[in-house]
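Read the structure below first, then the notes.
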Amino acid sequence: MRLLRGIVTKLAGIVLAILVIATINFTLVHSAPGDPASVMAGQSGATDEKFLEELRAEYGLDKPFMVQLGTYLKKVVTLDLGYSYRQRRPVNELILDRLGPTLLLTLSAFFLSLIGGVVFGTLAGLRHGKWSDLAISLVALLLYATPVFWLGLMLVLIFSIQLEWLPAFGYVDMRASSFGRLEYAWDVLRHLFLPAITLGAIYMAVYTRLMRASLIEVAAEDHVKTARAKGLGEGAILRGHMLRNAALPVVTFAGLQVGALVGGAVVVETVFSWPGLGRLTFDAVTARDYPVLLGIFLVMSVLVIVANILTDLLQRLIDPRIAVR
Amino acid sequence: MNRREFSKLLLATGTTGVAAQTGLFGDMVAYAQNGEGGLTAIIQPEPPLLVVALNQQIPVGIIGGKLYESLLSYDFDLSPQPQLAKSWTVSEDGLTYTFELVDNAKWHDGTPFTAADVVFSCDVMLKEVHPRARANFDRCESITAEGDHTVVFKLKEPFAPFLLAFETSSAPIMPKHLYEGTDYRNNPANDTPVGTGPFKLAEWVRGSHIRLEANADYYHEGEPGLTEIFYRVVPDGASRSVAMETGEAQLSQFSDIETFDVQRLADMPHLDLTTKGYEFFSPVLWYEPNLRREPFNDVRFRKAMRLLLDPNFIVERIMFGLAQPATGPIASTTKFYDANVTTYEQDVEKANALLDEMGLAKDADGKRITIHHLVVPFGEMWTRLAEYFRQAMSAGGIEVVLDSTDPGGFAETVSNWDYDTTCNMLYQFGDPALGVARSYISSNIRKGVMFTNTQGYENAEVDTLFAEAAVQTSEEARQERYSKAQQILCDELPVLWMTEQKFATLYDNRIADLIVTATGVNANFAKAHYVK
């Protein structure tokens, strides 16, 4: 019963949070000078009053702010994110189109960085003070200090231009519609390689350092000493007594980073012409495409909330002492 | 190191050519991905739709120009050439324009193209949705079809550049059978453009690419010469250079490639560079003071600003040669340019003397006055222009504060006259009456509307000269008035003209006859074909 009430309270909190987020977003987006009509007029090279009036009437921009906000919130509640007049398609459709590539990219980067971080962090932590620890720590530090776009362009320079192994940009080959399923998957994978590494690298570095530090800390704890004293092998100690404890802060941190990962995708998607949400965001910001922008903000907040819930569950799985509240 | 510097570094490191190597992952990378006889081009930004009648942004015009056509195309010297009209006559009094249309053209859906489509487009639809076409066709008393293949435009009074109104992005002919009586902007047909052009829309993967395929029923035998065109969306400048370098893209246009990188790519063995094909647009770039405000309403201040600036610096250091100094409001690449005007050489001393004369004394730090400059938010080049402006003004003790904005804010701020100085660049559309007069005549001071006389210049004589020149039918009479207008404007400096902008078109040199008209990459590419 308590569990159920907990879940209901949590859900109510989430819905409230989303509505508040939607209101803040809407207000923020509309408070900047200029609107989609002025952007379109500004890019078309010639214009007149009639053109602007028609656009504004079509976008509903001629109505009072509160009326616009009310209409918007009402639609959000019914899961209708509105219509992009610029792209001339429903926002739901636009976002769904781009969600796949973005999830593929961010999840790949997420798991790549998490797994890489845990593995390298463990290696470094176990060899604490030795040269291999030093090497891993140094590389991690370098990666951590490298700007995302710089790394991306460097990888392109090496793997696409010099070695010609991987495509420099894009999601799939433009011929992909005629590909078989396996060929298609392989093609996407080839395209995914560089952007996923670029996006994941900095987090891999963070997790490596985090894992290393927490492993060293755990290694000094009494229960590990006890395990060692009772004659357990190093492998068994690592698996049974150290990894779970050490991984907890990494998982917590990774959960918090999901939002940042989606944000970082904007740059990576631009450098690699990846047709994801990040680029849709960028285009929507410059074009003042309000419905699209608000839709993306909303979807991203939901993604972050979902990620946080998943992190909570994962933590519980790793450490059963953490209760669902 | 910021991103821009990095791109330079990346590009300067010099990379391998296009020789395809068989690598670990196969040998497909180095080739453009189009099939035999196809072309892969860059498009940036991705257009929101392809219906030129409804949207006149550059990318829409580039792709839409392959799908839709108008009655005429234009040679590099802007003389009209046949397109959907095979011939035309203009009456002695300059009031009646009669076009004979091609009789074997079909819409992409198979419906025959007729004079009724032209009348519907020019008299009904475009007047409703297209600002520039509205201005041109509102001059008509009547637009009528005579039979299926003749259209007659009768003007209320002569309008000399009327023949220039029939360029594709100025007056795209739309299919009457799909649009008549509909809500044009929300017509479902907008998703599947149906034109008369040599290419048809085959596939649009949003965020990735747009594929056009050859129109087998095109009305000229043997055209188009290309089998398909891929327009690939590449949002990052450095990536666009890489694409051109590796051959993944074979055509870039307008400002796709950063100016500092154009020459390096042009030197590559597989690429050619041309700056032709922009004559119809011939943009002139200027610094724009808001004449409603002090001290910009004083011509001495504007002259001082002009004397502090050096267009040659902009040409060499910002445009890397892709421009030439402008002497006045009319571009030398269009009609009625006159070089016989007051010119200004950079002269810091003279500028300071003018400012002293105005009574703007220097303070202890050598500063006379602080002004604001609204930075144009359309990329690297504009930022540098703003930085140069600040630097140049400081030599006269004018401190410039740079204000940043985004595209929406820019259009809003400038069109509502809420700025000190900014920068702008306007197309000339082939004739001063179409693209120049609008920036200087007082009847075009319209608050809230971009690309008008935003600086607020008023001179009754200039108004009269532009008005008269537009309706004269003899070239000499027009030249006389435009020359006079240019002289007055150059004396009064309503804006500070800097450069005539050139654009670089880089293309795979195995393709011939790609850029054949004054609208270059916006034209229909019907004649383009491979020679090697």
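Sequence lines set the chain letters: A, B, ... in the order given, protein chains first and strands last, and positions in each chain run from 1.
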Heavy atoms only: give me the nearest B/A238-A/L153 pair and the separation to one decimal.
-> CB-CD2, 4.1 Å
Atom of A/V285, atom of B/D406 and distance for their closest heavy-atom approach | O-OD2, 4.1 Å
Side chain, backbone, both or neither: which part of B/V205 has an atom under 4.5 Å from a heavy atom of chain A?
-> neither
Considering heavy atoms only, which positions within residues 274-281 of chain A lie below 4.5 Å of chain B?
-> A/P275, A/R279
What residues, two or more places apart in sequence or in another chain, satisfy side-chain contact (heavy atoms from CB on, under 4.5 Å) together with B/D191?
-> none
Restricting to pairs with a member in residues 96-107 of chain A, which pass salt bridge (charged side-chain N to carboxylate O under 4.0 Å, His left out), not counting sequence neighbours?
-> A/R89-A/D97, A/R98-B/E46
Interface moiety of B/R185 toward chain A, non-hydrogen atoms closer than 4.5 Å | both
Proximal component of B/A243, with respect to chain A [non-hydrogen, under 4.5 Å] | both
Point-to-point distance, once rounded to the nearest 0.5 Å, from OG of A/S273 to CD of B/E248 | 9.5 Å
Applying side-chain contact (heavy atoms from CB on, under 4.5 Å), name anything that partners A/I202, two or more places apart in sequence or on another chain.
-> A/Y144
What is the distance from atom OH of A/Y171 to atom NE2 of B/H209, rounded to the nearest 0.5 Å?
-> 12.5 Å
